[in-house]
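These values consider heavy atoms only, across backbone and side chains, with no hydrogens, waters or symmetry-generated copies.
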Amino acid sequence: MDLPPFTGWVHPSNWQLVGITLLLTHITIIGVTVYLHRCQAHRALELHPVVAHFFRLWLWLTTGMVTRQWVAVHRKHHAKCESPEDPHSPRVYGIHKVLWTGTQLYIRETRVAETLERYGRGTPDDWVERRVYSRHSIWGFTLLAFIYVGLFGPYRGLAVWGVQMIWIPFWAAGVVNGWGHWLGYRNFALDNASVNILPWGVLIGGEELHNNHHAFPGSARMSVKWYECDIGWLYIRLLAWLRLARIKSVAPTRQPPSAAVEDEAYTISP
């Protein structure tokens, strides 16, 4: 007797599945901007250990990114911005290369031991980081594929998984690192080519406000004008209200510090 095809344990409609996928990818975006970027790379806030570890686990499952590697590459980007040593400047590599193959540039830089040693200090180094998250980064998104197949069936589950896998490589490694140094508007005249892609930072968690971020890299808030929206900042405020985060620095709306100060901040031990 033929068995019926497996269709998963839950059966949302197609539109419900689209909503679920957007929610899952949004959580990943918030993990990148709040945990990896503002908390770990720039020390703009501190997260409660439970919240921090939730994001570490979630990003292990949904991206396979290693905290130390991501932080090191990003700090080097700030320290060497738009120079030949910048890991992913479209002014050096061209907009199309960064936009479409930015992940390859990121992976290449993570293999440079000097980058990890100089810029990756102060990131998590506990047992689970050493033995699981860093050593077996491929296990996370492989496990996630099985979870999605179990929940939604093989076809729809792998479709959700596929969207999850390309979300950060395209929007973060491609759009933010590429378009965010190519075309947009500027609130601050800096020595680098950073621009604000849009004044409403929702889809990429506030990372759209890239010129503001380069002006005040140590700020937990990326919006500086009254009409700008940084949804990542709203989540940070909510976590702070719940006593699950402590905000350490917020950008003023004055002229930003010099490029020399920014470079110094990312070449010393964090």
Side-chain angles (χ1 to χ4, degrees), residues 1-38 47 50-67 70 99-104 106-107 132-133 136-180 197-209 222 229-239 242 244:
M1 180 170 118
D2 293 336
L3 295 174
F6 178 68
T7 58
W9 299 314
V10 295
H11 306 93
S13 68
N14 290 335
W15 283 112
Q16 288 172 331
L17 193 64
V18 169
I20 291 169
T21 304
L22 291 175
L23 174 62
L24 295 171
T25 54
H26 186 69
I27 296 172
T28 303
I29 285 286
I30 297 306
V32 171
T33 188
V34 172
Y35 171 70
L36 281 180
H37 195 183
R38 308 187 205 203
L47 292 172
V50 172
V51 177
H53 202 105
F54 165 77
F55 283 131
R56 288 169 65 189
L57 174 62
W58 185 267
L59 292 170
W60 178 70
L61 288 168
T62 60
T63 68
M65 292 188 300
V66 177
T67 300
W70 195 97
L99 185 62
W100 302 112
T101 64
T103 299
Q104 296 177 19
Y106 163 81
I107 292 174
V132 180
Y133 296 154
H136 304 294
S137 58
I138 194 174
W139 287 7
F141 55 81
T142 302
L143 174 61
L144 186 70
F146 284 102
I147 293 173
Y148 284 167
V149 168
L151 287 173
F152 307 120
Y155 299 112
R156 301 210 299 171
L158 289 177
V160 174
W161 181 82
V163 171
Q164 184 83 68
M165 289 301 99
I166 66 174
W167 202 259
I168 292 300
F170 177 71
W171 289 109
V175 174
V176 175
N177 292 338
W179 211 263
I197 301 171
L198 290 170
W200 311 289
V202 177
L203 181 62
I204 324 178
E207 300 290 333
E208 294 93 332
L209 298 164
M222 294 187 181
C229 172
D230 171 15
I231 197 171
W233 172 243
L234 298 180
Y235 289 120
I236 291 170
R237 289 292 302 270
L238 175 61
L239 289 170
L242 294 172
L244 296 175

Between atom [atom1] of [X] and atom [atom2] of [Y], what is the distance when rounded to the nearest 0.5 Å?
X      : Y      : atom1 : atom2 : value
Trp233 : Leu238 : CH2   : CG    : 12.0 Å
Ile30  : Leu36  : CD1   : CG    : 12.0 Å
Asp230 : Trp200 : CG    : CH2   : 14.5 Å
Trp171 : Leu203 : CH2   : CG    : 4.5 Å
Ile236 : Met222 : CD1   : CE    : 8.0 Å
Tyr235 : His26  : OH    : NE2   : 3.0 Å

Is any side-chain heavy atom of [Y] closer than 4.5 Å to one of [X]?
X      : Y      : answer
Thr21  : Gln164 : no
Ile29  : Ile204 : yes
Thr63  : Trp167 : no
Leu144 : Met165 : yes
Leu158 : Tyr148 : no
Ile168 : Thr28  : yes
Glu207 : Ile197 : no
Val10  : Gln16  : no

Give a yes or no answer on whether the side chain of [X] reaches the backbone of [Y] with a donor-acceptor pair at less than 3.5 Å.
X      : Y      : result
Arg56  : Thr67  : no
Trp161 : Phe141 : yes
Glu208 : Gly206 : yes
Thr62  : Trp58  : yes

What heavy-atom pair brings [X] and [Y] nearest, and what distance separates the two atoms?
X      : Y      : answer
Pro12  : Leu17  : CG-CD1, 3.9 Å
Pro169 : Thr103 : CB-OG1, 3.1 Å
Gly64  : Ser137 : O-CB, 3.3 Å
Val66  : Tyr106 : O-OH, 4.2 Å
Phe170 : Leu99  : CD1-O, 4.5 Å
Ile27  : Phe55  : O-CE2, 4.5 Å

Crowded around Ile138 CD1? As in, over 12 foreign heavy atoms under 6.0 Å?
no
side-chain contact (heavy atoms from CB on, under 4.5 Å) with Val160: of Leu24, Leu151, Val18, only one passes, and it is Leu24
Go through the steps for Val163 and Thr25 under the test side-chain contact (heavy atoms from CB on, under 4.5 Å), then give the verdict.
CA-CA 8 Å; Val163 171; Thr25 54; 4.2 Å; yes
Close aromatic pair by centroid cut-off 6.0 Å: Trp70 and His37
yes
